[in-house]
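Just passing along the structure, written as C-alpha cells.
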There are 2 protein chains.
Amino acid sequence: MTSTDADGTPILRPTRQRIAVAQAMASFHDFRSAQEIHELLGRRGERVGLATVYRSLQRMVEGGEVDLLRTEDGEAIYRRCSDTHHHHLVCRSCGATVEVEGPAVERWTRAMADEHGFADVSHTLEIFGTCPACR
Amino acid sequence: MTSTDADGTPILRPTRQRIAVAQAMASFHDFRSAQEIHELLGRRGERVGLATVYRSLQRMVEGGEVDLLRTEDGEAIYRRCSDTHHHHLVCRSCGATVEVEGPAVERWTRAMADEHGFADVSHTLEIFGTCPACR
DNA sequence: ACTGAGTTGACAACGATTCTCATTCCCTTG
DNA sequence: CAAGGGAATGAGAATCGTTGTCAACTCAGT
C-alpha cells in the first residue's frame, strides 16, 4: 500500500526528474503535449524517460497544479495553471491561451445539474478562436 | 479528385452499411463509442466493418448529423443530435445524457472572446455528474 | 452490359499512453 | 554513516483506439 501524509495526500519525492518536469512546465504559458515536454527536456540536456514525464504530469494533474485538456484528435495537452477554477480561450492557430473565469458559467452549470438531479458535478469549457495576432 | 454536388457538398452513396450505422445511431439517445456501435451492428446481424463504422461516423460528424465528444481518457464517443446548438449533461457511470441549452453561456463565451479580441469563436462545454438513477 | 468513381472489409500500420520489471534513488532509522 | 524498504525510474513491450492500404465490389449513368 502507498503511504500517505497525515491528511491522506500520497507522498511524492522531489526527484531530479520531477523537478525537471515542473521547471519545464513553468517555462511556458501555453498547452503542450507530453511528448513535446519530453523533447524539450531532452534538448535541455535533462535526460528523463518518456514514461516518467507521463507519470509526473499525471501526478501534477491529480494535485491540481496542472490543467489537462484534449485536442480535437484526442491528444492530451498540459499547462500549469493558477489554483482558481477557470477556463481557457485557446487560439486555434498559434495555441496561445488566456485564462478566463466568471461566476455566470459556474452558476449556470450548477443550476442545470440541479434541475436534472445530477450530483458530483464537474464541467469542462473551452473556447476556441483566432487570436488578434493570428488574424 | 472527389466529385461534389452543385454546392460543393461531397456526394455520399446510401449504401447498406451507411444506412445501418445511421439506424443504429437513431436507436439510442446517449453517447456510444465507435466500437460499441460496431458491436451493436454485429449483434443485429448487420455485418459492417469496423473501419467503415469509423468512416461513416466521421462523415456524419462532418455533416453535423452527429455530435462527437471525448471521454476523459480521450476516446471518441458519438451521439445523434438535434440541429440546435446545445451542450450535454453526461452521467459518469451510465453514460446517460441530457441536452441542455441556454443563452447565458452563449453570451458569456462571446463576451469573453470579444474582450480578448478573438475571432471565429466556437466553444465546447460538457457537464459531468452522477444521474439520479445511478446514485 | 460497360465504365468509372465511390465504398467496403480485412488487416497492417500508427501513435499516444500505459504496463512491466529489474535497477536505482531517496529517506528514515539504528 | 551503513542499512533497509518503499518509491521512482527507464527501456522496451504491450494496449488500444483509430487510420491507412489496397484489391474486390457496388452503384449510377451511359
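So that the names make sense, note that chain A is the first sequence line, chain B the second, and so on, each numbered from 1.
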#### Entry: side chain to side chain contact (heavy atoms under 4.5 Å, CB included) involving A:Glu75 - partner list, sequence neighbours excluded
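A:Glu75: side chain to side chain contact (heavy atoms under 4.5 Å, CB included) contacts with A:Ser33, A:Thr71, A:Asp73.
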Extract from the structure each pairing of a protein N or O with an N or O of nucleotides 20-25 of chain D at less than 3.5 Å, listing the distance.
none

Using a cutoff of under 3.5 Å, can you pull out all pairs of nitrogen or oxygen atoms linking the protein to nucleotides 28-30 of chain C, with atom names and distances?
none

### Task
Nearest whole angstrom, please: distance from the C1' of D:dT18 to the CD of B:Glu36.
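Between C1' of D:dT18 and CD of B:Glu36: 15 Å.
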Please enumerate all protein N or O atoms sitting under 3.5 Å from an N or O of nucleotides 15-17 of chain D, with distances to 0.1 Å.
residue, atom, partner, partner atom, Å
D:dG17, O5', B:Gln35, NE2, 3.4

### Message
For D:dA8 and A:Arg18 - does any side-chain N or O of the residue sit under 4.0 Å from the phosphate oxygens OP1/OP2?
### Response
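A:Arg18 to D:dA8 OP1/OP2: side-chain N or O found under 4.0 Å.
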### Query
So which pairs with a foot in residues 18-73 of chain A pass ring pair (Phe, Tyr, Trp, His ring centres under 6.0 Å), sequence neighbours left out?
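Only A:Phe31-A:His88 qualify under ring pair (Phe, Tyr, Trp, His ring centres under 6.0 Å).
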### Task
Just jot down the salt bridge (charged side-chain N to carboxylate O under 4.0 Å, His left out) partners of A:Arg70, sequence neighbours excluded, or say none.
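Salt bridge (charged side-chain N to carboxylate O under 4.0 Å, His left out) list for A:Arg70, sorted by chain: empty.
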### Query
Do the side-chain N or O atoms of B:Gln17 get closer than 4.0 angstrom to the phosphate oxygens (OP1, OP2) of C:dG9?
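For B:Gln17, the contact criterion (side-chain N or O under 4.0 Å from OP1 or OP2 of C:dG9) is met.
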#### Entry: Interatomic distance, B:Asp73 CG vs C:dC19 P [rounded to whole Å]
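The distance from CG of B:Asp73 to P of C:dC19 comes to 11 Å, rounded to the nearest Å.
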### Query
Once you round it to whole Å, what is the distance between P of C:dT18 and CD of B:Glu72?
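Nearest whole value for this atom pair: 13 Å.
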### Message
Listing request: all salt bridge (Lys or Arg N to Asp or Glu O under 4.0 Å) pairs with a residue in residues 104-126 of chain B, at least two apart in sequence or in separate chains.
### Response
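Output for this query is empty, none listed.
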#### Entry: Minimum-distance pair of heavy atoms, taken over all atoms of A:Gly102 and B:Trp108
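Looking at all heavy atoms of both residues, the shortest contact is N-CZ2, 3.9 Å.
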### Task
Let me see the working for A:Asp67 and A:His86 under side-chain contact (heavy atoms from CB on, under 4.5 Å), right down to the final yes or no.
CA-CA 10 Å; A:Asp67 260 0; A:His86 56 255; 3.5 Å; yes
### Task
Write down the distance between CG (A:Leu50) and C1' (C:dT20), rounded to a whole number of angstrom.
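From A:Leu50 CG to C:dT20 C1': 15 Å.
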### Query
What is the distance, rounded to the nearest whole Å, between atom CG of A:Leu41 and atom P of D:dG10?
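In whole Å, D:dG10 P and A:Leu41 CG are 10 Å from each other.
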### Query
Step by step, would you call B:Leu69 with B:Thr124 a side-chain contact (heavy atoms from CB on, under 4.5 Å)?
CA-CA 9 Å; B:Leu69 66 87; B:Thr124 67; over 6 Å; no
### Task
Could you tell me which residues satisfy salt bridge (charged side-chain N to carboxylate O under 4.0 Å, His left out) with B:Glu99, sequence neighbours excluded, listed by chain and number?
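Only B:Arg79 meet the salt bridge (charged side-chain N to carboxylate O under 4.0 Å, His left out) criterion with B:Glu99.
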### Task
Please report the closest heavy-atom contact between B:Phe118 and A:Cys131, naming both atoms and the distance.
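Smallest heavy-atom distance, with atoms named: CZ-CB, 3.5 Å.
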### Residue list, side chain to side chain contact (heavy atoms under 4.5 Å, CB included) with A:Arg18, at least two apart or on another chain
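Scan of A:Arg18 (side chain to side chain contact (heavy atoms under 4.5 Å, CB included), adjacent residues dropped) gives A:Leu12, A:Thr15, A:Ser56, A:Arg59.
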### Query
In degrees rounded to 10°, what angle is found between the helical axes fit to the five outermost pairs at each end of the helix from C:dA1-D:dT30 to C:dG30-D:dC1?
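Taking five pairs per end, the axes differ by 20°.
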### Task
Would you mind listing every salt bridge (Lys or Arg N to Asp or Glu O under 4.0 Å) that reaches into residues 26-47 of chain A, with sequence neighbours excluded?
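Non-adjacent pairs meeting salt bridge (Lys or Arg N to Asp or Glu O under 4.0 Å): A:Arg16-A:Glu46, A:Asp30-A:Arg32, A:Glu39-A:Arg43.
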### Task
Quickly work out the A:His38 NE2 to C:dG15 P distance and round it to whole Å.
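Between P of C:dG15 and NE2 of A:His38: 16 Å.
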### Message
Can you tell me if A:Thr52 touches the phosphate of D:dA8, counting only side-chain N or O atoms and a distance under 4.0 Å to OP1 or OP2?
### Response
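For D:dA8, neither OP1 nor OP2 has a side-chain N or O of A:Thr52 closer than 4.0 Å.
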### Query
Over how many whole Å does the gap from A:Ile19 atom CD1 to C:dC25 atom P extend?
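It works out to 15 Å between those atoms.
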### Query
Does A:Leu57 belong to the same Ile/Leu/Val/Met/Phe/Trp/Tyr cluster as A:Leu50, with side-chain heavy atoms less than 4.5 Å apart forming each link?
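Per the 4.5 Å side-chain linkage, A:Leu57 and A:Leu50 are co-clustered.
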### Query
Base, sugar-phosphate, or nothing: which does B:Gln58 touch, judged by heavy atoms less than 4.0 Å apart?
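If one applies the 4.0 Å heavy-atom cut-off, B:Gln58 turns out to touch the sugar-phosphate alone, with no base involved.
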### Minimum-distance nucleotide to B:Arg13 side chain [options: D:dC27, D:dA7, C:dT8]
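My answer, after comparing the listed nucleotides, is D:dC27.
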### Task
Could you state the atom-to-atom distance from CD of B:Glu46 to P of C:dT8 in whole Å?
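Those two atoms, CD and P, are 12 Å apart.
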### Task
Return yes if the base of D:dA8 and the side-chain atoms of A:Arg59 contain a donor-acceptor N/O pair under 3.5 Å, otherwise no.
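A donor-acceptor contact between them is absent.
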### Query
Listed by chain and number, what are the side chain to side chain contact (heavy atoms under 4.5 Å, CB included) partners of B:Ala96, not counting sequence neighbours?
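Listed in chain order: B:Cys91, B:Cys94.
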### Task
Return the orientation label for the A:His123 and A:His85 ring planes: parallel under 30°, perpendicular over 60°, tilted otherwise.
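Taking A:His85 first and then A:His123, their aromatic rings stand perpendicular (interplane angle over 60°).
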